[in-house]
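The first residue of the sequence shown is numbered 1, and numbering continues consecutively from there. These figures come from a predicted structure and were not determined experimentally.
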Amino acid sequence: MIKILKYGQVKNDEIFSRCEGLTKVDTIVSDIIDNVKKNGDKALLEYEEKFDKVKLNSLAVSKQEIDEALKLVDAKFIKVLELAAKNIREYHEKQLRKGFEIKKENGVVIGQKITPIAKAGLYVPGGKAAYPSTVLMDSIPAKIAGCKSVTMVTPPNKEGKISPVILAAAYVAGVDKIYKVGGAQAIAALAYGTESIEKVDKIVGPGNAFVAEAKKQVFGKVSIDMIAGPSEILVVSDSKSNPKYVAADLLSQAEHDQMASAVLVTDSMELALSVQKEIEDQLGKLDREDIARVSIDTNGKIIVADDIKTVIDIANEIAPEHLELCVDDPFEYLDKIDNAGSIFMGRNCPEALGDYLAGPNHTLPTSGTAKFSSPLSCDDFVKKTQYTYYTKEALGKVKDDIAYFATLEGLTGHAKSATIRFED
């Protein structure tokens with residue numbers, strides 16, 4: 001049963017504790033990466049046989065396999081994918097930024113130009129569930145940003161097939177290349193390249209502890225989006241919310257993973273008790289009851305504070321991945337929420353809306369990193385380059401200041417490079 005904690009009556013460590021999720025897998029992952037670097041496709045095929053129990057002849061997904069997948073999925077699902085893709089594109093197109101240029105006296109020009117990352121790599125989890133929504137969320141911003149190539153890796157099943165819904169989503173999103181490989185070995189392949197898989201510039205997408213650790217280890221060789229922890233939801237609510245709705249929203253994250261955390265913060269003990277009961281009533285009706293039960297019992301909590309201001313303060317300290325603002329006028333409180341990956345406004349905006357259809361991205365900072373990190377966006381797939389132009393006349397006016405500054409730092413070579421042009 002989910003526990004109820006009264007803020008101020010228990011230690012703050014208990015209020016703000018969270019499941020970090022990542023286990024010590026660094027040595028295993030390091031060995032996998034080294035093997036892929038040395039042996040390329042051979043290592044990938046061996047790992048697929050070992051971990052995914054499938055012997056593959058080829059890592060690449062063929063056009064024929066994509067065509068077959070499109071025939072297998074319902075026409076309704078394609079329509080839903082296209083609606084979701086439309087909303088995601090509409091939202092992310094607003095994120096595109098332009099460079100700028102400042103022209104000053106004496107012909108000085110300074111500026112910044114925006115250039116898309118050439119090659120993006122997308123990891124899509126397999127195993128317990130298929131996540132076509134992740135395909136859309138992580139590849140569409142890359143395409144909008146102007147990436148020339150988007151490569152997707154995802155583990156196959158024991159028959160060597162990729163879920164048709166995953167392939168359908170990749171088709172709708174415009175993914176360029178798809179490969180049947182998962183785990184740390186897939187991250188290594190994207191980071192270093194193999195005979196089949198071309199090296200990319202940035203890797204995005206969620207995964208298990210091995211995937212997260214692999215992303216951490218290859219960072220620097222390539223860029224990554226974030227090191228994602230277990231899924232999180234925090235519901236902020238006053239006394240007026242329907243406990244059935246709140247319980248359902250908490251369970252929507254609890255069913256993700258046994259390490260997921262579902263938290264309600266409220267100023268109403270009555271609501272807390274009602275939600276606690278509702279969670280128990282609804283748990284038995286979930287297909288993934290066994291997963292949700294562990295999540296709720298281990299990491300779930302209901303925190304009761306004296307007033308809504310304290311509720312908001314607690315939410316900001318937790319800095320959740322998803323935050324539902326279940327109050328009559330959520331816009332009144334929007335500017336008071338400083339730390340959250342994505343905010344869902346009002347009593348009729350379940351977090352699932354953001355997972356699938358609304359348009360804002362669902363790849364979000366977890367484990368409190370919303371205090372300094374942002375959701376995946378088009379900004380993740382571009383780089384900024386500065387440029388500077390000075391005429392000789394303009395340099396002449398500042399050469400002595402440059403030399404003075406450089407000499408102060410003990411860098412006389414820097415100083416000389418500014419003054420030498422005026423020594424003739």
The salt bridge (Lys or Arg N to Asp or Glu O under 4.0 Å) partners of K416 (sequence neighbours excluded) come to E423
- Within 6.0 angstrom of D401 CG, more than 12 heavy atoms from elsewhere: yes
query = Within the side chain of T366, is there an N or O that forms a donor-acceptor pair under 3.5 Å with the backbone of G229?
reply = yes
Backbone N/O of N106 and side chain of T391: donor-acceptor pair under 3.5 Å = yes
Would you confirm whether E351, through its side chain, and D249, through its main-chain N or O, come within 3.5 Å as a donor-acceptor pair? no
- [ ] Indicate yes or no for a side-chain donor-acceptor contact from K199 to the backbone of V222 under 3.5 Å, with no hydrogens or angles considered.
- [x] no
(request) Would you please classify the geometry between the F344 ring and the H322 ring as parallel, tilted or perpendicular, with 30° and 60° separating the classes? (result) tilted
Is the number of heavy atoms from other residues, nucleotides or ligands under 6.0 Å of F100 CZ greater than 12? yes
Those residues at least two apart in sequence (or on a different chain) that pass salt bridge (Lys or Arg N to Asp or Glu O under 4.0 Å) with K399 are none
* **Any donor-acceptor N/O pair, N361 side chain to I88 backbone, under 3.5 Å** => no
Closest non-hydrogen contact found for P125 with P206 is CG-O, 3.5 Å
**Asked** How about T194 and D41: does a side-chain donor come under 3.5 Å of a side-chain acceptor?
**Response** yes
- Does F16 CZ have over 12 foreign heavy atoms under 6.0 Å away? yes
D328 meets the side-chain contact (heavy atoms from CB on, under 4.5 Å) criterion, sequence neighbours left out, with K240, R347
Closest non-hydrogen contact found for I303 with V263 is CD1-CG1, 4.0 Å
Those residues at least two apart in sequence (or on a different chain) that pass salt bridge (Lys or Arg N to Asp or Glu O under 4.0 Å) with D313 are K309
On a heavy-atom basis, the closest approach of G341 and P375 is O-CG, 3.2 Å
Given the options I166, V175, T154, I162, V61 meets side-chain contact (heavy atoms from CB on, under 4.5 Å) only with I162
- In plain terms, say whether K216 and D26 are close enough for a salt bridge, that is, a side-chain N and a carboxylate O under 4.0 Å apart. no
D338 backbone acceptor or donor facing N316 side chain under 3.5 Å: yes
Q. Sub-3.5 Å donor-acceptor pair from the side chain of K202 to the main-chain atoms of D380, do we have one?
A. yes
Taken in chain and number order and not counting sequence neighbours, the residues that satisfy side-chain contact (heavy atoms from CB on, under 4.5 Å) with N348 are none
| field | Backbone N/O of T310 and side chain of D307: donor-acceptor pair under 3.5 Å | value | yes
Mark yes or no for whether N208, through its side chain, and F210, through its backbone, hold a donor-acceptor pair below 3.5 Å.
yes
For the CZ atom on F422, are there more than 12 heavy atoms of other groups (residues, nucleotides or ligands in this structure) within a distance under 6.0 Å? yes
Partner of D379 under side chain to side chain donor-acceptor pair (under 3.5 Å), picked from Q95, R97, H92, K384, is R97
Those residues at least two apart in sequence (or on a different chain) that pass ring-ring contact (aromatic ring centres under 6.0 Å, His included) with Y47 are F51
Closest non-hydrogen atoms of P156 and L56, given as atom of the first, atom of the second and distance, are CG-CD1, 4.3 Å
The side-chain contact (heavy atoms from CB on, under 4.5 Å) partners of S30 (sequence neighbours excluded) come to D34, Q217
Is T151 close to E198 at the side-chain level, that is, under 4.5 Å between some pair of heavy atoms? no
For V109, the side-chain contact (heavy atoms from CB on, under 4.5 Å) test, sequence neighbours excluded, returns E101, K103, Y387, Y389
All N/O donor-acceptor pairs, side-chain side in residues 132-149, below 3.5 Å, sequence neighbours left out:
| from | atom 1 | to | atom 2 | distance (Å) |
| --- | --- | --- | --- | --- |
| T134 | OG1 | H362 | NE2 | 3.3 |
| D138 | OD1 | T363 | OG1 | 2.6 |
| S139 | OG | V135 | O | 2.4 |
| K143 | NZ | G174 | O | 3.2 |
| K143 | NZ | D176 | OD1 | 3.1 |
| K143 | NZ | D176 | OD2 | 2.8 |

Residue pairs passing the side-chain hydrogen bond (donor to acceptor under 3.5 Å, both in side chains) test with at least one member in residues 59-84, sequence neighbours excluded, are S62-E65, K63-D67, Q64-E68, E65-K180
Are any of the side-chain heavy atoms of L81 and Y171 separated by less than 4.5 Å?
no
The salt bridge (Lys or Arg N to Asp or Glu O under 4.0 Å) partners of E232 (sequence neighbours excluded) come to R18
Quick note, salt bridge (charged side-chain N to carboxylate O under 4.0 Å, His left out) partners involving residues 352-378, not counting sequence neighbours, are E317-K371
Determine whether a donor-acceptor pair (N or O, by modelled atom type, separation under 3.5 Å) exists between the side chain of T266 and the backbone of S237.
yes
Around atom CZ of F77, are there more than 12 heavy atoms of other residues, nucleotides or ligands at under 6.0 Å? yes
